[in-house]
Amino acid sequence: MCRIAGALRTLLPLLAALLQASVEASGEIALCKTGFPEDVYSAVLSKDVHEGQPLLNVKFSNCNGKRKVQYESSEPADFKVDEDGMVYAVRSFPLSSEHAKFLIYAQDKETQEKWQVAVKLSLKPALTEESVKEPPEVEEIVFPRQFSKHSGHLQRQKRDWVIPPINLPENSRGPFPQELVRIRSDRDKNLSLRYSVTGPGADQPPTGIFIINPISGQLSVTKPLDREQIARFHLRAHAVDINGNQVENPIDIVINVIDMNDNRPEFLHQVWNGTVPEGSKPGTYVMTVTAIDADDPNALNGMLRYRILSQAPSTPSPNMFTINNETGDIITVAAGLDREKVQQYTLIIQATDMEGNPTYGLSNTATAIITVTDVNDNPPEFTAMTFYGEVPENRVDVIVANLTVTDKDQPHTPAWNAVYRISGGDPTGRFAIQTDPNSNDGLVTVVKPIDFETNRMFVLTVAAENQVPLAKGIQHPPQSTATVSVTVIDVNENPYFAPNPKIIRQEEGLHAGTMLTTFTAQDPDRYMQQNIRYTKLSDPANWLKIDPVNGQITTIAVLDRESPNVKNNIYNATFLASDNGIPPMSGTGTLQIYLLDINDNAPQVLPQEAETCETPDPNSINITALDYDIDPNAGPFAFDLPLSPVTIKRNWTITRLNGDFAQLNLKIKFLEAGIYEVPIIITDSGNPPKSNISILRVKVCQCDSNGDCTDVDRIVGAGLGTGAIIAILLCIIILLILVLMFVVWMKCRDKERQAKQLLIDPEDDVRDNILKYDEEGGGEEDQDYDLSQLQQPDTVEPDAIKPVGIRRMDERPIHAEPQYPVRSAAPHPGDIGDFINEGLKAADNDPTAPPYDSLLVFDYEGSGSTAGSLSSLNSSSSGGEQDYDYLNDWGPRFKKLADMYGGGDD
């Protein structure tokens, strides 16, 4: 082609080149013809054509650029044309004369205008020995020439070319590197050039797939390609001199990876779930299954077709469903879907590429599970025509009968749930039917009380139907009917008072024994022979009694309207009526006595205490009357002062202000301060009127200029009431009891202290110590005696361990003493009798004890005492009149002393 361009340059004059340049520069457009620019396209192929192999590219001239052209082949089973004009082989076949020529059609989608072009295929010549030895010829791509200016004249050079894409099948087995094309520039004759390619697959990720010989420009692929990863590579070829200067403009090289059928179809889900209502007509849509193929979806490798391999179960027909082979839509093709017979179908679906070609296509399978949903094609049916039940009278919320039905539809669905209604036999609405949600049974329930004396039996007509209506075309009746026979059982009912409450009107003041009324109850059990007895249940004031047989109510006390048990002039009493049935029943009734007032309460002054000044001015006392009666037996009141004593009217005057109030004033100019009791006569307006002399306690006191009392004491201070006096006496008595208890406690405490310290008192200490008959101490300094040693002699500390400085002044000096056996202490030192007896026994049984007449040292009494010696006392002249016979009871140790003082012969 480069040679053709050189020839043109030599033959065409410069004017033609300038004219062409001026035409293009001026924007004039040559006439454009829509259609194929060539009449025949040719392609040279090998004998075997493979499926998906690109053959050639046809071009269509679209002058306005707005036409949408669709290509078609006259041999669609063998060849197809892509949207870009690339012609592919649809299947693999050996090229023969019958495939050598076919037509390509181009049709405008809008105007339906159509064009055609012929395609001629030819076989490559057989290889000779020379050709085998020589490497196959590689297509060259030459850099296009640019316009250049030479000697001031424009020279038309090669126009830019559109390089057709290079088609390379994926998964090629090599050998690698595999040569694709050779890139060359016309300037390589004069210059030493270097070639390179850039773009994804070359110097950009993924790098190293395409390489180029920098000297020869040979472009090669280094490894197999995968269309599912990258379907097209866009490279740019460059030519530079040895200095790196660009000598040609880069050219674009597009490499299309031709798809091969190397991927099986894959379903989006391995298990598909769908539903279809039972009884559906043929053609009902069920579900859609979808598979995808990673191969080119526009080629046969990615065109899928679906079909159903199997159906389980195969009843009522083995072909209940069909599938659209292109879309995967599953529809019904046969009638007879019945959920009550077959609830679920399992289909095995196969997807195959190559438009379902079983020989060349790849397949995969999935499972479609179709559930037949229930429709209401079976109405509920009663299991019996008549149901029976019974109910006690006056009972509500009681289940009388249990209605059972059968329904073949799916349980716990609206087509299975039953709805019951009473269509006859219950005009007053005493029954209702509820549906048990678990068993679907109808529960006949009493909602209003039933009286046996009125109705002994009910015959109900009931109907059952589903929550939703029956499906269209079902021949069964929509509902089922039955009868329910309900028997009412008679029970003992409560007696009742009528009317209740019973109201009567009576004047208060009725005496005991007055018959008020008869209050009786009725027994609703007309078919039972029973007796009723009456008792009083509530009588707050205990005014009434009732006859237990006839119900006559009589007073047993005076009726008083002013009693606190009367509210709003009404007194309430409750009575009980009981029958003798089994079981016995009872009822209560209330008797309301409206008490009419009589004038039985005299008025009283109010307030009962007041105060005023010593002089008439500046204040007075306002009083009123309190009457427990009501109109007309209460106000208006009349106020007056009695004639006796005479001091009342001499000192006081009373003035009536109105029917309820009066004013009490001093009549004299001065009244000495003090407490005065003023009697006041008050008369009400009853018929006959009732009067009363009521005492008003008035304190007269000194007042200031404002009329207020200046005395500190009030009326209560001047005279104590009975309650105050009782309270004071109680306080005094409690105080005296507390004092007495304190004294007794102190006495008891002293006795306990004495019991614990019996030997502290020297007069009671009779152990082996010197008895203190008188003050014989060792001097005035010896006044503090430690008697604890006498109480427990065995606990006395040895003299050797006593600290210095604490020895008693009358204590015996330390010197050697004879060692006597230690006597055991008494079990309880406080019991002096036991102590003495134990000591006597120990002394009598002691063989080492000294003789009776030997000198015994009991304690040292100190020195310097002001008392005289015992030897100076005249024993015979003192105590001669005393009886010393009790010394004989003290044992042998006191026998000598008893003989001396007891008057013995010796």
#### Entry: side-chain contact (heavy atoms from CB on, under 4.5 Å) partner of S310, chosen from L347, T346, I348
I348
### Message
Applying side-chain contact (heavy atoms from CB on, under 4.5 Å) to V221 and E179, what does each step give before you reach the verdict?
### Response
CA-CA 7 Å; V221 59; E179 294 181 353; over 6 Å; no
### Query
Going by atom types only, do Q107 and E113 share a side-chain donor-acceptor pair under 3.5 Å?
no
### Query
Of all heavy-atom pairs between Y195 and I215, which one has the smallest distance, and what is that distance?
CE1-O, 3.4 Å
### Task
Mark yes when over 12 heavy atoms from residues, nucleotides or ligands other than Q204 sit less than 6.0 Å from its CD; otherwise mark no.
yes
### Query
Counting distance only, does the side-chain N/O of D296 pair as donor-acceptor with the main-chain N or O of D259 below 3.5 Å?
no
### Query
Roughly how far apart are L309 CG and I349 CD1, rounded to 0.5 Å?
7.5 Å
#### Entry: 4.5 Å side-chain heavy-atom contact, N298 and Y88
no
### Query
Hey, does V81 have a side-chain heavy atom less than 4.5 Å from the side chain of E72?
no
### Query
Which atoms form the tightest heavy-atom contact between R187 and V247, and what is the distance?
NH1-O, 3.4 Å
### Summary
Separation between CD (Q311) and OG (S317), nearest 0.5 Å, reads 6.5 Å
Please tabulate, for the side chains in residues 356-368, all donor-acceptor contacts under 3.5 angstrom to protein atoms that are two or more places apart in sequence or on a different chain.
{"unit_1": "N357", "atom_1": "OD1", "unit_2": "T359", "atom_2": "N", "d": "2.8"}
{"unit_1": "N357", "atom_1": "OD1", "unit_2": "Y360", "atom_2": "N", "d": "3.3"}
{"unit_1": "S363", "atom_1": "OG", "unit_2": "T352", "atom_2": "OG1", "d": "2.7"}
{"unit_1": "N364", "atom_1": "ND2", "unit_2": "P265", "atom_2": "O", "d": "3.0"}

### Task
Evaluate the side-chain proximity of L470 to D377: yes if any heavy-atom separation is below 4.5 Å, no if none is.
no
#### Entry: T373 side chain reached by E278 side chain, heavy atoms, under 4.5 Å
no
### Query
Will you find, in the side chains of N378 and D407, an N or O donor that is under 3.5 Å from an N or O acceptor?
no
### Stepwise side-chain contact (heavy atoms from CB on, under 4.5 Å) test for L219 and F210
CA-CA 7 Å; L219 180 64; F210 299 98; 4.2 Å; yes
### Task
Please check if any side-chain donor atom of Q178 sits under 3.5 Å from a side-chain acceptor atom of S220, or the reverse.
no
### Task
Would you verify whether the NZ or CZ of K114 falls within 45 degrees of the ring axis of Y105 while also being under 6.0 Å from that six-membered ring's centre?
yes
### Query
Going by the angle between their ring planes, with limits at 30° and 60°, are Y71 and F36 parallel, tilted or perpendicular?
tilted
### Query
Take atom CE in M260; do more than 12 heavy atoms of anything else shown fall under 6.0 Å from it?
no
### Short side-chain to backbone donor-acceptor contact, N466 and V468, under 3.5 Å
no
### Task
Would you check if V40 and V119 make a side-chain contact, meaning some heavy-atom pair closer than 4.5 Å?
no
### Query
Rounded to the nearest 0.5 Å, how far does OG1 of T198 lie from CZ of R236?
7.0 Å
### Task
With side-chain contact (heavy atoms from CB on, under 4.5 Å) as the test, would you mind laying out the steps for L103 and Q116 before giving the verdict?
CA-CA 7 Å; L103 299 178; Q116 68 180 22; 4.0 Å; yes
### Query
Does a side chain donor of either D353 or N301 reach within less than 3.5 Å of an acceptor in the other side chain?
no
### Query
Could you give all pairs that pass the side chain to side chain donor-acceptor pair (under 3.5 Å) test and reach residues 283-294, with sequence neighbours left out?
Y285-T288, T288-D329
### Query
Quick one: does T332's side chain get under 4.5 Å of V276's, heavy atoms only?
yes
### Query
Which atom names give the shortest non-hydrogen contact between P313 and Q344, and what distance separates them?
CD-O, 3.5 Å
### Query
For Q112, does the CD atom sit with more than 12 other heavy atoms under 6.0 Å from it, leaving out its own atoms?
yes
#### Entry: Closest non-hydrogen atom pair, A43 against L56
CB-CB, 4.1 Å
### Query
Can you name the nearest heavy-atom pair linking G208 to I211, along with the distance?
O-CG2, 4.4 Å
### Task
Of all the heavy-atom pairs spanning D78 and R91, show the shortest one and how long it is.
OD1-NE, 2.6 Å
### Message
Which label fits F102 and F79: parallel for a plane angle under 30°, tilted from 30 to 60°, or perpendicular past 60°?
### Response
parallel
### Query
R194 and D241: salt bridge (Lys or Arg N to Asp or Glu O under 4.0 Å), yes or no, with the steps?
CA-CA 6 Å; R194 297 293 182 267; D241 58 16; over 6 Å; no
### Query
Looking only at atom types and distance, does a side-chain atom of Q70 sit under 3.5 Å from a main-chain N or O of K109, one as donor and one as acceptor?
no
#### Entry: Non-hydrogen side-chain atoms of Y345 and L337 separated by less than 4.5 Å
yes
### Message
Could you walk me through whether V257 and F233 satisfy the side-chain contact (heavy atoms from CB on, under 4.5 Å) test, starting with their C-alpha distance in whole Å, then the side-chain angles of each, then the deciding distance to 0.1 Å, before giving a yes or no?
### Response
CA-CA 8 Å; V257 182; F233 293 91; 3.8 Å; yes
### Task
Quick one: pull up CD in E75 and CD1 in I104 and give me the separation to the nearest 0.5 Å.
10.0 Å
#### Entry: Point-to-point distance, once rounded to the nearest 0.5 Å, from CD of E266 to CG of L304
10.5 Å
### Task
Could you tell me whether K408 and E340 make a salt bridge, using a distance below 4.0 angstrom between a side-chain N and a carboxylate O?
no
### Task
State the CZ-OG1 distance between F60 and T34, to the nearest 0.5 angstrom.
6.0 Å
### Message
In the structure I gave you, are the side-chain heavy atoms of Y41 and N57 within less than 4.5 Å of one another anywhere?
### Response
no
### Query
Sub-3.5 Å donor-acceptor pair from the side chain of N243 to the main-chain atoms of N245, do we have one?
no
### Query
Is a salt bridge present between K68 and D108, judged by a nitrogen-to-oxygen distance below 4.0 Å?
no
### Task
Indicate yes or no for a side-chain donor-acceptor contact from Q218 to the backbone of V181 under 3.5 Å, with no hydrogens or angles considered.
yes
